[in-house]
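Written below as structure tokens is the structure these notes are about.
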Amino acid sequence: MKKLIIFTLFFLSISLIFGEDGTIFRFLFNKGDRLSMVSRVEEDVFLNGRELPHATILNRISMEITDVDKNGRGKTEATFMTSESFSDLGFFTAAGWEEHKSESVFWRSRTGEFEISDEYFMPIVRDIPIFPQKAVKIGDTWQENGYEAEDFRRNYNIPNPVKVPFTAQYTYVKDEEKTDENGNKRTLSVISAKYSLMFENPISDDYIVNMATDPPVSTMGYSNRTIWFDNERGQIDHYVEDFRIVIETFTGNTAIFRGRTTTEVTEYKPSATDENLKLVQDEVKSLGLSDVSVEKSDKGLRISLQNIQFEPDSANLIPSERAKIREIAKILRKFPNDILVSGHTASAGDELSCQELSEERADAVARYIENLGVRTRTHIFTEGFGSRQPVGDNETEEGRAKNRRVELTILDK
């Protein structure tokens with residue numbers, strides 16, 4: 001009798017996931033889980049038919065599940081950061097990230113619905129995907145409502161997000177097998193999600209103000225997403241989105257934005273712990289690496305390469321520094337987190353040249369660890385600070401050596 005009960009409970013648990021005739025898709029939230037979502041947007045912009053420079057936009061979202069209620073909803077605390085480049089160099093200067101940084105807190109149900117206060121403007125697209133209550137089979141379709149939360153604070157002084165509704169059309173396309181870097185195989189379900197937008201933007205009643213600011217009066221467009229969902233883990237693995245948005249302004253100008261977004265979602269564990277700090281410090285010592293220190297920061301676990309040597313007035317690493325970075329790469333591979341490379345210079349010459357040199361050197365180190373296979377370029381970020389953040393006295397050679405450094409941060413936020 002006991003074996004029969006156990007078998008019945010096991011069968012019921014399996015049927016809740018896969019259904020008796022199809023699959024029941026559900027998000028799964030566990031308190032303490034941490035996710036990193038990195039999106040790369042390749043965007044072309046046309047203003048009144050004239051093509052503007054190609055834009056590459058990088059968004060990084062770090063998320064932590066801080067609570068799970070009795071219905072399985074997960075409470076997420078998230079940090080959103082973004083940077084933009086008008087050339088396809090592959091890396092992104094993050095110096096402007098702090099001004100575009102935003103925090104958000106929201107609940108999400110197991111079927112995908114958001115519950116979020118009007119004080120938060122991120123994420124922009126909400127309630128996608130939404131899964132049906134019933135099991136679905138390959139080829140089945142369904143539709144659910146969602147919305148975009150538009151931010152009109154700067155242009156229109158509207159204090160809360162303007163919610164633009166849409167109805168998304170979903171199709172369960174197929175299943176695919178994915179093999180990760182450790183050789184483990186997982187089944188991902190491919191889901192298509194498409195929606196269109198057409199709405200009138202709120203504008204001022206003041207004709208003179210409208211003529212001066214030329215606000216958008218209407219927005220039209222579409223989004224076609226292909227989502228790879230890991231139903232065993234209860235999370236999105238990655239997705240690709242093709243989009244086209246047309247904005248018409250008060251004076252008749254037309255702007256067209258079209259492009260593709262590729263997004264990866266990865267799980268990670270906090271790096272800036274006492275245990276990891278000691279572990280990495282001990283490894284640095286055992287490898288015999290000089291001028292290398294390790295410490296915890298507000299962003300993660302930071303490895304500082306002081307007195308890093310480049311060819312004079314350049315961003316070309318000398319051979320001994322490449323050898324040192326190859327050893328540090330062994331440490332970085334042990335963490336699945338994204339990596340931030342920060343460049344610093346000693347005070348020499350004007351600050352503009354110091355700033356440019358710090359960015360170039362951070363970029364050179366980032367490219368080198370990417371070539372070593374530590375991370376793909378989408379998961380390595382760069383920033384430069386010139387000589388604005390000294391840790392030593394620029395009046396002494398010892399102090400200048402400390403200031404001439406590159407920091408590698410294993411990112412938590």
Side-chain angles (χ1 to χ4, degrees), residues 22-23 25-27 35 37-47 49 51-52 54-61 80 82 84 88 108 111-114 122-132 136-151 161-178 187-201 216 218-231 235-248 254-266 378:
T23 302
F25 291 107
R26 291 291 181 265
F27 283 93
L35 300 173
M37 179 179 289
V38 177
S39 297
R40 179 171 178 145
V41 184
E42 298 293 345
E43 183 179 73
D44 294 311
V45 182
F46 299 84
L47 181 60
E51 186 173 5
L52 302 182
H54 179 82
T56 302
I57 304 166
L58 195 68
N59 302 300
R60 182 180 185 271
I61 311 170
F80 294 76
T82 187
E84 187 170 6
D88 192 15
R108 193 167 194 182
T111 50
E113 294 90 349
F114 279 77
M122 300 296 287
I124 296 174
V125 181
R126 302 171 184 177
D127 293 356
I128 189 168
I130 298 292
F131 297 124
V136 291
K137 297 179 293 183
I138 293 175
D140 283 353
T141 62
W142 68 96
Q143 64 179 35
E144 295 287 348
N145 295 326
Y147 68 99
E148 292 190 2
E150 303 293 343
D151 186 352
V162 175
K163 298 176 182 179
V164 182
F166 60 77
T167 300
Q169 309 294 327
Y170 295 94
T171 303
Y172 180 9
V173 180
K174 61 180 178 178
D175 289 332
E176 288 185 357
E177 192 173 75
K178 176 182 178 180
T187 299
L188 303 180
S189 298
V190 182
I191 298 169
S192 170
K194 302 180 179 181
Y195 65 86
S196 297
L197 292 174
M198 181 173 290
F199 62 96
E200 301 296 322
N201 294 323
S218 67
T219 302
M220 299 169 288
Y222 67 80
S223 168
N224 295 337
R225 293 192 183 199
T226 302
I227 302 167
W228 283 261
F229 191 79
D230 188 335
N231 204 37
Q235 290 293 340
I236 294 171
D237 184 85
H238 64 284
Y239 71 82
V240 176
E241 176 194 25
D242 293 307
F243 63 88
R244 185 176 187 270
I245 302 294
V246 180
I247 296 177
E248 296 179 347
T254 300
I256 300 175
F257 304 85
R258 71 184 187 195
R260 166 167 283 203
T261 302
T262 55
T263 300
E264 298 178 13
V265 182
T266 56
T378 304

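Hydrogens, waters and symmetry mates are skipped; everything else that's a heavy atom, side chains included, is used. Since the model is a prediction, treat every value here as computed from it, not as a measurement.
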Please report the C-alpha distance between Tyr172 and Thr23 in whole Å, then the side-chain angles of each, then the deciding distance to 0.1 Å, and finally whether the side-chain contact (heavy atoms from CB on, under 4.5 Å) criterion is met.
CA-CA 10 Å; Tyr172 180 9; Thr23 302; 3.9 Å; yes
What are the two closest non-hydrogen atoms of Leu47 and Ala255, and how far apart are they?
CD1-CB, 4.3 Å
Tell me if the CD1 atom of Ile124 is crowded by more than 12 foreign heavy atoms within 6.0 Å.
no
For the pair Glu113 and Thr111, evaluate side chain to side chain donor-acceptor pair (under 3.5 Å) and give the outcome as yes or no after the intermediate values.
CA-CA 6 Å; Glu113 294 90 349; Thr111 50; 2.4 Å; yes
Ile236 side chain reached by Pro129 side chain, heavy atoms, under 4.5 Å:
yes
OG1/Thr187 to CG/Asn231 distance, rounded to the nearest 0.5 angstrom?
10.5 Å
Using 0.5 Å steps for rounding, measure from the OG atom of Ser189 to the CD1 atom of Ile138.
7.5 Å
Interatomic distance, OG1@Thr219 vs CD1@Ile247, rounded to 0.5 Å, equals 4.5 Å
Look at the rings of Phe166 and Tyr195 and say which category their plane angle falls in: under 30° parallel, 30 to 60° tilted, over 60° perpendicular.
parallel
Can you name the nearest heavy-atom pair linking Gly139 to Thr171, along with the distance?
O-CG2, 4.4 Å
Say whether, by atom type as modelled, one donor and one acceptor occur between the side chain of His54 and the main chain of Glu43 under 3.5 angstrom.
yes
Nearest heavy-atom contact between Arg26 and Pro132 is NH1-O, 3.0 Å
Gln143/Thr167 under side chain to side chain donor-acceptor pair (under 3.5 Å): CA gap, chis, key distance, verdict:
CA-CA 7 Å; Gln143 64 179 35; Thr167 300; 5.7 Å; no
Could you check whether any side-chain heavy atom of His238 comes within less than 4.5 Å of a side-chain heavy atom of Leu188, counting everything from C-beta outward?
yes
Considering only heavy atoms from C-beta outward, does the side chain of Val240 approach that of Trp228 to under 4.5 Å?
yes
Once you round to the nearest 0.5 Å, how far does CD1 of Ile57 lie from OG of Ser39?
10.5 Å
Asp242 and Tyr222: which non-hydrogen atoms are nearest, and at how many Å?
O-CE1, 4.1 Å
Surrounding CE of Met220 (heavy atoms of other residues, nucleotides or ligands, distance under 6.0 Å), is the total greater than 12?
yes
Among Ile130, Asp127, Val125, Ile128, which one satisfies side-chain contact (heavy atoms from CB on, under 4.5 Å) with Phe114?
Asp127
Glu176 bridged to Lys174 by N-O distance under 4.0 Å
yes
Once you round to the nearest 0.5 Å, how far does CZ of Phe229 lie from CD of Gln235?
6.5 Å
Within-4.5 Å side-chain heavy-atom neighbours: Tyr147 and Val164
no
Worked check of side chain to side chain donor-acceptor pair (under 3.5 Å) between Thr56 and Glu42:
CA-CA 5 Å; Thr56 302; Glu42 298 293 345; 2.9 Å; yes
Drop me the distance from Thr263's OG1 to Asp237's CG, to the nearest 0.5 angstrom.
11.5 Å
Smallest separation among heavy atoms of Ala149 and Pro123, with atom names
CB-O, 4.3 Å
Tell me whether the rings of Phe131 and Phe27 are parallel (<30°), tilted (30 to 60°) or perpendicular (>60°).
tilted
According to the interplanar angle, ranging from 0 to 90°, do the rings of Tyr170 and Trp142 count as parallel (below 30°), tilted (30 to 60°) or perpendicular (above 60°)?
parallel
